[in-house]
Protein chains: 2
Amino acid sequence: MPRMTTKQQVGDTRRRVLDIAERLVQSRGFNGFSYADIAAELKITTASLHYHFAGKAELGRALIARYAERFFEALTAIDAGPSTAREKLRAYAGLYADVLRGHRLCLCGMLAAEYHTLPDPMRESVVSFFDENEVWLAKILQQGRATGELDFNGTPEEAARMIIYGLEGAMLVARPYGDVARFHSAAEQLIDSLTTRRPSGTPK
Amino acid sequence: MPRMTTKQQVGDTRRRVLDIAERLVQSRGFNGFSYADIAAELKITTASLHYHFAGKAELGRALIARYAERFFEALTAIDAGPSTAREKLRAYAGLYADVLRGHRLCLCGMLAAEYHTLPDPMRESVVSFFDENEVWLAKILQQGRATGELDFNGTPEEAARMIIYGLEGAMLVARPYGDVARFHSAAEQLIDSLTTRRPSGTPK
DNA sequence: GTCTATAGGCAGATAGAC
DNA sequence: GTCTATCTGCCTATAGAC
């Protein structure tokens, strides 16, 4: 077993770079920070950063990959956790709330705003993130409807998108108010709205 | 009456700067464009831009002020237009759709994402924009509920926020897909959801 | 893995001529 | 109102020593 030393362990710096960059992107945007910001915080030089990530685009790709991996692991944990669909949706919204509490946005929500300025490989990863969220949510919604626990109009996919839009929008708008309660209230109402079906003959 | 000349009329350049900057902010973000981008498109130098706007912060303030003014004029026009609350809400969502069709985001939605990097005066204007949207929407919702046309739980203010969150989030996420239909579908569902009351005794 | 040194470019901004 | 010229600073990135 390796002893602790004052030197960094292999791969540790890379992880720390990702941690700092992730926080900077989520709070300031991909165009709102520089290698110098990371280097200063890590107390190394920008030249050293290029050893770990060839360029900002590669760093960006790695950020999304790690973020998505961690996020979908959390979704798998939710799958194995609460038994009701409502509780699973609450846990899902809780993931967003945790992010907002750190005065951050969803990484891919932020990158969606900056979408037109992103390098191509990053763009594809952002869209995939939303797609996979939709798939997971639609599955939960489908199950909840099957058991009669949930009740909503349209397809599970449509309802899933509404949840994503609502939570991403609530994060975006609530953050400037510095008020996590704003988000919580919105998440509650969003989940509650999935428990009532509207009359099917709603006039156009 | 002044004759047309090949020279720009007084104030015309200022307006054109705002037009170009507005488009750039809405598509690329405030940190995603530079004075050079505007200057190149206008075929003047960056030095000339500083004659019209002392700095990027002043340009940013002017952008929000003009955007908000135009937006709330549009809301006043809606007030005088369609007679039903549902139609007014559709027209409201239509304002967002028009923006998205130009591959843009709501100016203040974009600035909300970049909030932590904005100069102070811009921050206040962004929050005010959302506040005023909420006021207008709450008024429409209140009226619609009074006539029995609309039906929703909670206060008009709460429902108004849900609309803002839903539409801002739908714009944010739909844009990378390049699919305005995604937004329309979400807007429709959002408005439809205001026509049914959920059971008041929803279990916590 | 991290450094020094440096390149080349672009950022926002200013002085002063016309 | 627009220009040329210039400034200072920051940006990403690279070469090469340790």
Side-chain angles (χ1 to χ4, degrees), chain A residues 2-22 24-25 27-63 111 114 116-122, chain B residues 2-22 24-25 27-64 111 114 116-123:
Chain A
R3 286 195 303 147
M4 292 295 290
T5 73
T6 54
K7 299 287 182 185
Q8 293 305 326
Q9 297 179 346
V10 174
D12 189 47
T13 300
R14 185 187 160 92
R15 182 187 58 74
R16 286 157 51 124
V17 170
L18 287 170
D19 287 343
I20 295 168
E22 183 177 270
L24 289 169
V25 174
S27 60
R28 303 178 53 88
F30 192 71
N31 297 323
F33 81 101
S34 71
Y35 264 37
D37 297 322
I38 303 172
E41 201 164 329
L42 211 44
K43 285 170 184 151
I44 62 175
T45 63
T46 59
S48 299
L49 284 181
H50 282 279
Y51 169 81
H52 299 281
F53 300 95
K56 210 181 172 186
E58 287 69 42
L59 172 57
R61 279 197 298 111
L63 279 176
L111 295 177
E114 299 177 292
H116 279 19
T117 72
L118 299 181
D120 267 330
M122 288 183 68
Chain B
R3 285 194 304 149
M4 291 295 289
T5 73
T6 55
K7 300 288 182 186
Q8 293 305 328
Q9 296 179 347
V10 174
D12 190 46
T13 299
R14 184 187 161 90
R15 182 187 58 73
R16 286 158 51 126
V17 171
L18 287 170
D19 287 343
I20 294 167
E22 184 177 88
L24 289 170
V25 174
S27 59
R28 304 179 52 90
F30 193 70
N31 296 323
F33 80 101
S34 71
Y35 263 37
D37 296 323
I38 304 171
E41 201 164 328
L42 252 179
K43 285 170 184 152
I44 62 176
T45 62
T46 60
S48 299
L49 284 180
H50 282 279
Y51 170 81
H52 299 281
F53 299 96
K56 211 182 172 186
E58 287 68 42
L59 173 56
R61 280 196 298 111
L63 279 176
I64 304 176
L111 295 177
E114 299 178 291
H116 279 19
T117 72
L118 299 181
D120 266 330
M122 287 183 69
R123 294 192 191 188

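A note on names: the letters A, B, ... follow the listed sequences, proteins ahead of strands, and every chain is numbered from 1.
- Side-chain atoms of L59(B) and L18(B), non-hydrogen and from C-beta on, do get closer than 4.5 Å to each other.
- When every heavy atom of Y35(B) is checked against every heavy atom of A54(B), the shortest pair comes out as OH-C, 4.3 Å.
- Atom OH in Y51(A) sits 11.5 Å away from atom CD1 in I44(A) (nearest 0.5 Å).
- Scanning both residues, A21(B) and I38(B), for their nearest heavy atoms gives CB-CD1, 3.9 Å.
- Taking atom CZ on F53(A) and atom C1' on dT12(D), their separation rounds to 16 Å, with Å as the unit.
- If you take CG of L49(B) and C1' of dA11(C), they are 13 Å apart, rounded to a whole angstrom.
- Between F30(B) atom CZ and dG12(C) atom P there is a gap of 9 Å when expressed in whole angstrom units.
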Got a list of protein N/O to nucleotides 6-11 of chain D N/O distances below 3.5 Å?
unit_1, atom_1, unit_2, atom_2, d
dC11(D), OP1, S34(A), OG, 3.0

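- Of all non-hydrogen atoms in R14(A) and H52(A), the two that sit nearest each other are NH1-O, 3.5 Å.
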message = Between T117(B) and F30(B), is the side chain to side chain contact (heavy atoms under 4.5 Å, CB included) condition met? List the steps.
response = CA-CA 9 Å; T117(B) 72; F30(B) 193 70; 5.8 Å; no
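- R61(A) and M122(A) make their closest contact through N-CG, 3.9 Å (heavy atoms, listed as atom of the first residue, atom of the second, distance).
- Judged by distance alone, with hydrogens and angles left aside, the side-chain atoms of E41(B) form no donor-acceptor pair with the main-chain N or O of I20(B) at under 3.5 Å.
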Distances under 3.5 Å between nitrogen or oxygen atoms of protein and nucleotides 3-5 of chain D:
unit_1, atom_1, unit_2, atom_2, d
dC3(D), OP2, T45(B), N, 2.7
dC3(D), OP2, T45(B), OG1, 3.3
dC3(D), OP2, S48(B), OG, 2.9

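- Straight-line distance from the CG atom of L42(A) to the P atom of dG1(C): 12 Å, rounded to whole Å.
- Note: NE2 (H50(A)) to C1' (dT6(C)) measures 13 Å, nearest angstrom.
- Between the CD atom of E58(B) and the CG atom of L63(B) there is a distance of 11.5 Å, given to the nearest 0.5 Å.
- Of the charged side-chain nitrogens involved, none lies within less than 4.0 Å of a carboxylate oxygen, so that R16(B) and D19(B) do not count as a salt-bridged pair.
- Taking the C1' atoms of five terminal pairs at each end of the helix from dG1(C)-dC18(D) to dC18(C)-dG1(D), the two resulting helix axes are inclined by 10°, rounded to 10°.
- To the nearest angstrom, P of dC18(C) lies 19 Å from OH of Y51(B).
- Atom CZ of R123(B) sits about 12.0 Å away from atom CD of E114(B), to the nearest 0.5 Å.
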